[in-house]
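Here's the structure, in structure tokens; my notes come after.
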Amino acid sequence: MSFFQWCHGSDTKAYVFEPAHCNQSRLRKLVETDGRIEYIDKGMWSEKGELRFSKEMVCSGRISNYGEEVVEVVSLDEVLNGFEVSFIK
């Protein structure tokens with residue numbers, strides 16, 4: 001069952017966050033044709049800002065004080081702007 005089937009609603013929307021630059025173009029191509037998906041090329045955090053991102057393997061990583069890449073982050077509240085959330089994964 002897909003997320004959209006699980007939600008049972010025509011007004012359902014998914015937000016995809018991707019801070020790693022190496023994943024952004026590939027992911028954008030996967031979701032750009034579905035109007036229910038909003039792609040955000042930033043990480044999600046408690047507030048807007050920048051964090052260091054450490055590459056663990058090819059195109060995967062994590063937030064780290066010693067990371068070699070600086071990524072932009074935004075808060076979920078800022079992105080949703082009052083929109084009601086039914087599920088977060």
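- Residue Tyr39 is tested with Lys29, Gln24, Glu32 for a side-chain contact (heavy atoms from CB on, under 4.5 Å); the sole match is Gln24.
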Inset, instruction - Take Ile40 and Val16 through the test side-chain contact (heavy atoms from CB on, under 4.5 Å) and record every step on the way to the result. - result: CA-CA 6 Å; Ile40 299 163; Val16 177; over 6 Å; no
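- Linking ILVMFWY side-chain heavy atoms closer than 4.5 Å, directly or via other members, places Trp6 and Ile37 in a single hydrophobic cluster.
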For residues 42-51, dump all side-chain donor-acceptor pairs below 3.5 Å to protein atoms at least two apart in sequence or in another chain.
none

Listed pairs under 3.5 Å, donor-acceptor, residues 69-77 side chains, sequence neighbours left out:
residue : atom : partner : partner atom : Å
Glu69   : OE2  : His21   : N            : 3.3
Glu69   : OE2  : His21   : NE2          : 3.0
Ser75   : OG   : Glu78   : N            : 3.1

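- For the pair Asp41/Glu18, no side-chain contact is recorded, criterion being any heavy-atom separation below 4.5 Å from C-beta on.
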